[in-house]
Amino acid sequence: MDFKTKKPLYKPVKSDKKGKKGMVYVKNKEGKKRLIHFGDSTMTDKKKGATKEQQKSYLARSAGIRNKEGKLTKDDKNSANYWSRKVNW
């Protein structure tokens with residue numbers, strides 16, 4: 001299955017963009033599919049052997065990230081922060 005042809009919603013896969021770990025299609029406010037790339041490929045995460053202390057620190061730090069409307073993004077399936085937390089940490 002070609003990911004970019006089928007465009008399955010909310011199914012993260014390895015990113016083809018340099019410097020990113022993953023990508024996922026989501027629906028935007030208008031109902032159109034949008035591709036989000038997430039995760040810095042140079043950073044340590046749970047898959048690359050991060051310690052429990054590093055994991056705790058990242059999750060605490062990323063829990064405070066807000067979007068342009070001022071809403072927290074950690075529980076928003078349409079944000080890169082949500083997918084980075086879910087897949088990488």
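Note that the numbering runs from 1 along the sequence shown for the chain.
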Quiz item: Residues in side-chain hydrogen bond (donor to acceptor under 3.5 Å, both in side chains) with D76, at least two apart?
Solution: none
Quiz item: So, do K27 and Y10 sit near enough that their side-chain heavy atoms are less than 4.5 Å apart?
Solution: yes
Quiz item: Which atom pair, heavy atoms only, marks the closest approach of Q54 to T51?
Solution: OE1-N, 2.8 Å
Practice problem: Output all residues satisfying side-chain hydrogen bond (donor to acceptor under 3.5 Å, both in side chains) with S41, sequence neighbours left out; order by chain, then residue number. | Solution: none
Practice problem: Locate the shortest heavy-atom distance separating G39 from S84; write the atom from each residue and the value. | Solution: CA-OG, 4.3 Å
Practice problem: Compare every heavy atom of K46 with every heavy atom of V87, then report the nearest pair and how far apart it is. | Solution: O-CE, 3.7 Å
Exercise. Sequence neighbours left out, what pairs pass salt bridge (Lys or Arg N to Asp or Glu O under 4.0 Å) with at least one residue falling in residues 51-71?
Key: K29-E69
Practice problem: Please identify each residue that fulfils side-chain contact (heavy atoms from CB on, under 4.5 Å) with D75, with sequence neighbours left out. | Solution: none
Quiz prompt | Set of ring pair (Phe, Tyr, Trp, His ring centres under 6.0 Å) partners for Y25, sequence neighbours left out | solution = F3
Quiz item: Looking only at heavy atoms, what is the nearest atom pair of R85 and K74, with distance?
Solution: NE-CB, 3.7 Å
Quiz item: Where is the tightest heavy-atom contact between K33 and L9, given as atom of each residue plus distance?
Solution: CG-CD2, 3.8 Å
Quiz item: Are L72 and Y82 in one and the same hydrophobic cluster, where Ile, Leu, Val, Met, Phe, Trp and Tyr link if side-chain heavy atoms are under 4.5 Å apart?
Solution: no
Quiz item: Can you list the residues that meet the side-chain hydrogen bond (donor to acceptor under 3.5 Å, both in side chains) rule with T73, with sequence neighbours excluded?
Solution: N81
Quiz item: Which other residues belong to the hydrophobic cluster containing W89, where Ile, Leu, Val, Met, Phe, Trp and Tyr are joined when side-chain heavy atoms lie under 4.5 Å apart, directly or via other members?
Solution: Y58, L59
Exercise. With sequence neighbours excluded, tell me which residues meet salt bridge (Lys or Arg N to Asp or Glu O under 4.0 Å) with K21.
Key: D45
Show every donor-acceptor pair shorter than 3.5 Å between a side-chain atom in residues 12-19 and any protein atom, with sequence neighbours excluded, or say none if there are none.
residue	atom	partner	partner atom	Å
S15	OG	K17	N	3.0
S15	OG	H37	ND1	2.8
D16	OD2	K4	NZ	3.1

Self-check item: Qualifying residues under side-chain hydrogen bond (donor to acceptor under 3.5 Å, both in side chains), relative to D40, sequence neighbours excluded
Solution: T42
